[in-house]
Amino acid sequence: MPWETVNGTMILKALNPHQQEEALQLAAGILKKGKIVAFPTETVYGLGADALNPEAVSQIYDIKMRPADNPLIVHVTGLDQLAELVLEIPSEASILAGYFWPGPLTIVLPKKELVPDITTAGLSSVAVRVPSHPLALKLIGAAGLPVAAPSANLSGRPSPTTAEHVLEDLAGRIEAVLDGGPSSVGVESTVISLVSKLPALLRPGGVTLEMLENVLGKKILDLTNSGKEIRGIPPAPGMKYRHYAPKAPLYLVEGDEAFQRQQLVSLSEGLIMQGRKVGMLVCEESKELFSAQVVKVMGSRREPQVAAERLFSALREMDKLEVDAIVAEGFDEKGMGRAVINRLRKAAVQVIKQEP
Ligand code: AMP
Ligand code: MG
């Protein structure tokens, strides 16, 4: 069957059950021959390559224009495949895997020699996860390989949560994208390191810190950065980069509800008075307050998982609507709110914060 293409990139539509098997076989074939294919996961779309093939992995860095010191997450189908990649599986890893795999949790463990340096950006550890998206699992299974996959966007741009987002950034740069519809979680996986004595949170994501602490029955060291610039060696590679950036400058307001509302109004009205086209990302509860040209509702303040699902897509829409500035409302730094505020801080050029 001829597949639709954009600039030569095939769109392998896998939602339709009649086309799914052929789409999966084609995508798996691309991975097996050492090439790159984008595929859906429950968090965001991934840009996949054979994790054990250094030439394949190096193409990921080229295609994304990703800095070479930012390691990749290796996607596997289960604990058997994990065991092939890491020196040992400590009990805490088995416990977390038992609760959260398949799902949006990445576990960092000391790697075996077999995992090439380029996959881990030279680190002696490797980050691994089992995605829960059925197409991701089927693809990895069909290829019979561990699949290294960062988000399928150009480095620094908002992560893609649909095949269309992938094509916006990468059409003509990859052979194919497996289209499985929108990603349900919408932000990347949580990254936890079990390399040293204390478990450490390296990135907040689809599994909350509170859930992890509950399951392990202990405190987890929170090494996620709260928007301050990191100089020198960051605790987790990749933390030092500005990320998720829409084209227009994004201003983030963080504080209690009253502070946020007052600042959001004065900031946006000030920008509008300067003749700028302003886009706003706000909670359901405050959407009536603004006269900005574009107002995107991120869902209720009490349901940050909805904001997570909508965030990257909303940032890309702001680009399409060609706003001159984006003003975003903060979320409480707990539960899924932690992942949302982390991404907003990394997208922001400036954070307007209430003095404590
Ligand atoms: P991305 O593929 O863009 O979702 O980013 C993957 C992120 O996982 C990196 O930016 C790191 O923060 C983290 N990561 C991957 N491998 C390791 C590792 N070996 N040690 C610590 N963090 C890692
Ligand atoms: Mg990424």
Side-chain angles (χ1 to χ4, degrees), residues 36 38-49 51 57 59-61 63-76 82 85-87 93 104-129 131 133 136 146-161 165-166 169-170 183 185-196 198-207 220-225 230 233-246 308 311-312 315-316 339 342-343 346-347:
I36 308 299
F39 64 98
T41 83
E42 74 280 18
T43 58
V44 302
Y45 272 66
L47 191 61
V57 173
Q59 293 170 58
I60 288 183
Y61 285 90
I63 290 168
K64 276 188 64 110
M65 301 194 276
R66 183 177 174 99
D69 62 353
N70 195 358
L72 306 177
I73 293 171
V74 180
H75 295 69
V76 298
L82 171 70
L85 304 173
V86 300
L87 291 179
L105 179 69
T106 295
I107 304 178
V108 178
L109 290 168
K111 77 173 186 77
K112 280 187 180 157
E113 192 103 28
L114 152 104
V115 181
D117 280 343
I118 187 166
T119 303
T120 64
L123 296 172
S124 56
S125 57
V126 62
V128 187
R129 114 175 162 94
H133 196 296
V147 176
S151 49
N153 51 286
L154 288 175
S155 205
R157 299 264 303 132
S159 297
T161 55
H165 295 164
V166 174
D169 283 14
L170 302 179
S183 298
V185 177
V187 291
E188 298 85 346
S189 59
T190 302
V191 181
I192 187 171
S193 170
L194 298 178
V195 164
S196 43
L198 282 179
L201 183 72
L202 302 183
R203 177 171 75 185
V207 171
I220 292 170
L221 204 58
D222 184 356
L223 295 182
T224 61
N225 176 258
I230 298 171
I233 300 173
M239 278 185 169
K240 69 183 174 195
Y241 299 107
R242 180 165 178 245
H243 251 96
Y244 317 119
L311 178 64
F312 289 135
L315 291 176
R316 281 177 181 266
N342 169 273
R343 304 310 188 272
K346 289 191 180 199

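Counting convention: from 1, in listed order, for ligands and their atoms alike. All values reported here derive from a predicted model rather than from experimental measurement.
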>> Applying a heavy-atom cut-off of 4.0 Å, say which part of N70 lies close to ligand 1: side chain, backbone, both or neither.
In response: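 The answer is the side chain.
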
> Looking only at heavy atoms, is any part of T120 under 4.0 Å from ligand 1, and if so is it the side chain, the backbone, or both, or is it neither?
Replying inline: neither

> Is the ring centre of Y45 less than 6.0 Å from the ring centre of F39?
Replying inline: no

>> Taking 2.8 Å as the distance threshold, tell me the number of protein N/O/S atoms next to the Mg ion (ligand 2).
In response: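 If we list every protein N, O or S atom nearer than 2.8 Å to the Mg ion (ligand 2), we get 1.
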
Using modelled atom types only, decide if a donor and an acceptor are shared between the side chain of [X] and the backbone of [Y] within a distance under 3.5 Å.
X: S159; Y: V44; result: no
X: H75; Y: A148; result: no
X: D169; Y: L154; result: yes

[X] neighbourhood, listing ligand 1 atoms whose heavy-atom distance to it stays under 4.0 Å:
X: A127; value: 15 (C), 16 (N), 17 (C)
X: R203; value: 1 (P), 4 (O), 5 (O), 6 (C), 7 (C)
X: P150; value: 2 (O)
X: S125; value: 18 (C), 19 (N), 20 (N)
X: L123; value: 18 (C), 19 (N), 20 (N)
X: I73; value: 6 (C), 8 (O)

> Shortest non-hydrogen contact from V76 to L82?
Replying inline: CG2-N, 4.3 Å

> Should V195 and P110 count as side-chain neighbours, where that means a heavy-atom distance under 4.5 Å?
Replying inline: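 Yes; the side chains approach each other to less than 4.5 Å.
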
> Do L194 and V108 have side chains that get closer than 4.5 Å, going by heavy atoms?
Replying inline: no

>> So for L202, does at least one of its heavy atoms come nearer than 4.0 angstrom to any atom of ligand 1?
In response: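 It does; at least one heavy atom falls under 4.0 Å.
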
> Within less than 4.0 angstrom of ligand 1, does R66 place any heavy atom?
Replying inline: yes

>> Let me confirm one number: the CG-CD1 distance from L72 to I118, rounded to the nearest 0.5 Å.
In response: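 Between atom CG of L72 and atom CD1 of I118 there are 8.0 Å.
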
> Using 4.0 Å as the upper bound for N to carboxylate O, is an ion pair formed by E42 and R129?
Replying inline: yes

>> Does either side chain, that of T106 or that of S189, offer a donor lying less than 3.5 Å from an acceptor on the other one?
In response: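 Short answer, yes.
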
